[in-house]
Amino acid sequence: MADFTPKIITSRSNPRIVDAAKLHEKKFRTRAERFFFEGHKLFSEARSAHVPIECVIVEEQAYEKYPDLFADPTFEILIVPASVYEKITAEQAPQGIFCIAEYLDNLKFSHTNAMMGSHLEAIITEGAKDKLLICDGLRDPGNLGTVIRTANALGFDRLILSCDCADVYNPKTVRAAMGALFRLNMEITDDIPQAIAALRGIGYDVRAAALNAQAQPLNEYPVTENTVFVIGNEGHGLSDETVAACCGSVIIPMAEGAESLNAAIAASLLMWERTRI
């Protein structure tokens with residue numbers, strides 16, 4: 001039986017602390033297949049969602065302040081002084097709880113042939129009415145986290161993300177998602193147009209959020225249970241190839257002279273329209 005008795009670390013150069021600090025960089029997260037999140041709320045949400053937590057590095061005062069969080073642990077606990085915790089935290093006002101977890105089972109990566117073949121059909125069956133949103137090139141981690149949080153709140157079944165979206169495990173994404181990351185199913189694909197073609201092939205009506213001559217105002221477009229919206233890059237929108245792969249385009253009506261909407265806000269409005277039918 002594993003021994004989860006808390007251990008004390010006092011050195012900033014301890015290998016466990018050095019490795020934890022490296023998780024701020026994507027290349028180290030990818031290599032280790034681990035990511036981190038901070039704070040008692042995310043820690044509690046992760047435990048409720050049965051996230052595979054490997055280790056929690058906790059500052060001394062936080063360990064004393066939140067004893068219930070560390071009762072009956074199924075993970076390693078490393079207790080450190082504030083001077084050591086400062087080396088690993090990404091927060092300006094840290095709560096002293098730094099969790100390291102394995103990559104999530106609800107996040108999958110599919111190559112093009114898998115998205116076009118049996119793998120997509122295994123997760124989204126013909127005739128289903130799953131609530132889906134496609135994000136193509138959404139680069140800002142805060143925006144992506146907000147989209148994940150909103151999708152979960154509105155009962156969406158899955159997000160399909162292009163591989164050039166922000167890293168789902170980026171600390172800013174994780175923080176903005178506020179625990180929804182642990183619950184929402186997501187699929188990352190290396191070919192969004194092919195994924196759109198696959199969805200259309202099983203009956204989905206895929207609509208690009210894009211301004212063009214054929215675009216319909218969102219308030220005039222008949223949203224159905226088969227509708228899937230596609231949101232694009234914050235600065236450049238969707239590529240011509242992605243727009244061409246869709247069934248058509250919609251635009252969100254705005255007041256004359258208004259600037260374009262933030263991508264996460266636009267995605268939220270599109271998801272709301274799909275949800276309220």
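Predicted model only: the values in this text are computed from it and were never measured. Along the sequence shown, residues are numbered consecutively beginning with 1.
Linking Ile, Leu, Val, Met, Phe, Trp and Tyr residues whenever their side-chain heavy atoms come within less than 4.5 Å leaves F36 and V18 in two separate clusters. One hydrophobic cluster holds both V51 and F43 under the rule that ILVMFWY side chains link at heavy-atom gaps under 4.5 Å. I192 and L238 fall within the same hydrophobic cluster, defined by Ile, Leu, Val, Met, Phe, Trp and Tyr side-chain heavy atoms under 4.5 Å apart, directly or through other members. V58 and Y66 fall within the same hydrophobic cluster, where Ile, Leu, Val, Met, Phe, Trp and Tyr residues are linked whenever their side-chain heavy atoms come under 4.5 Å apart, directly or through other members. Note on W272 and L159: same hydrophobic cluster, where clusters join Ile, Leu, Val, Met, Phe, Trp and Tyr whose side-chain heavy atoms are under 4.5 Å apart, directly or indirectly.
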Given side-chain contact (heavy atoms from CB on, under 4.5 Å), test L161 with E187 step by step and report yes or no. CA-CA 6 Å; L161 311 174; E187 198 81 19; over 6 Å; no
Can F156 and I148 be said to form a side-chain contact (heavy atoms from CB on, under 4.5 Å), step by step? CA-CA 9 Å; F156 268 61; I148 293 170; over 6 Å; no
Chi angles and distances behind the side-chain contact (heavy atoms from CB on, under 4.5 Å) call for I53, I100: CA-CA 6 Å; I53 297 174; I100 299 173; over 6 Å; no
List the steps and the verdict of salt bridge (charged side-chain N to carboxylate O under 4.0 Å, His left out) for E225 and R274. CA-CA 7 Å; E225 291 181 327; R274 169 61 183 85; 5.8 Å; no
Decide side-chain contact (heavy atoms from CB on, under 4.5 Å) for V80 and N14; before the verdict, give the C-alpha distance in whole Å, the side-chain angles of both, and the deciding distance to 0.1 Å. CA-CA 11 Å; V80 301; N14 182 283; over 6 Å; no
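Counting heavy atoms from C-beta outward, T189 and C163 have side chains that stay 4.5 Å or more apart. Within the 4.5 Å cutoff, side-chain heavy atoms of I134 are placed close to those of V228. At least one side-chain heavy atom of L133 sits under 4.5 Å from a side-chain heavy atom of V147. Within the 4.5 Å cutoff, the side chain of P6 has no heavy atoms near those of the L78 side chain. In this structure, the side chains of M186 and N106 come closer than 4.5 Å at one or more pairs of heavy atoms. Using a 4.5 Å heavy-atom cutoff, the side chains of V243 and S249 are in contact. R12 has its side chain within reach of E86: a pair of non-hydrogen atoms, C-beta onward, lies under 4.5 Å apart. Counting heavy atoms from C-beta on, the side chains of T224 and T227 come closer than 4.5 Å.
With T275 contributing its side chain and M271 its backbone, the two residues share a donor-acceptor pair below 3.5 Å. At least one donor-acceptor pair closer than 3.5 Å links the side chain of R29 to the backbone N or O of L23. Judged by distance alone, the side chain of E54 and the main-chain N or O of A101 form no donor-acceptor pair under 3.5 Å. The backbone N or O of G142 lies less than 3.5 Å from a partner atom in the side chain of T146, making a donor-acceptor pair. Not a single donor-acceptor pair under 3.5 Å links the side chain of R207 to the backbone N or O of V230. With hydrogens and angles disregarded, a donor-acceptor distance shorter than 3.5 Å links the side chain of N233 to the backbone of G137. Between the side chain of H24 and the backbone N or O of I88 there is at least one donor-acceptor pair closer than 3.5 Å. For Y204 (side chain) and A197 (main-chain N/O), no donor-acceptor pair under 3.5 Å exists by modelled atom type. Without hydrogens or angle criteria, E59 side chain to Q61 main chain gives a donor-acceptor distance under 3.5 Å. Judged purely by atom type and a 3.5 angstrom limit, Y103 uses its side chain to pair as donor or acceptor with the backbone of T30.
When only modelled atom types and interatomic distance are considered, D164 and S162 share a side-chain donor-acceptor pair under 3.5 Å. For the residue pair K26 / N170, no side-chain donor-acceptor distance below 3.5 Å is found, with atom types taken as modelled. For the residue pair N185 and D157, no side-chain donor N or O sits within less than 3.5 Å of a side-chain acceptor on the partner. Side-chain atoms of E38 and T89 form a donor-acceptor pair, as typed in the model, at a separation below 3.5 Å.
Dense packing is recorded around NZ of K7, with more than 12 heavy atoms of other residues, nucleotides or ligands lying under 6.0 Å away. In K87, the NZ atom is crowded: over 12 heavy atoms of neighbouring residues, nucleotides or ligands sit closer than 6.0 Å. For E102, the CD atom counts as densely surrounded, since its 6.0 Å shell holds more than 12 non-hydrogen atoms of other residues, nucleotides or ligands. A 6.0 Å sphere centred on CD1 of I277 holds more than 12 heavy atoms belonging to other residues, nucleotides or ligands. Surrounding CD of E241 are at most 12 heavy atoms belonging to other residues, nucleotides or ligands under 6.0 Å away.
To the nearest 0.5 Å, atoms CD1 (I196) and OG1 (T242) are separated by 5.5 Å.
Ring centroids of F37 and F182 are separated by less than 6.0 Å, placing the two rings close together. Between F4 and F70, a ring centre-to-centre spacing not shorter than 6.0 Å is recorded.
Contact detail for L69 and F75: the closest heavy-atom pair is O-CZ, 4.4 Å.
Salt-bridge annotation for R183 and E45: present, with a side-chain N of the basic residue lying under 4.0 Å from a carboxylate O of the acidic one. A salt bridge does not link E25 to K22: none of the charged nitrogens lies less than 4.0 Å from a carboxylate oxygen. A salt bridge is absent between R34 and D19: the closest approach of a Lys/Arg side-chain nitrogen to an acidic carboxylate oxygen does not fall below 4.0 angstrom. Comment: R139 does not engage E234 in a salt bridge, judged by the lack of any side-chain N to carboxylate O separation of less than 4.0 angstrom.
Relative ring orientation between F98 and Y85 is described as perpendicular, the plane-to-plane angle rising above 60° on a 0-90° scale split at 30° and 60°.
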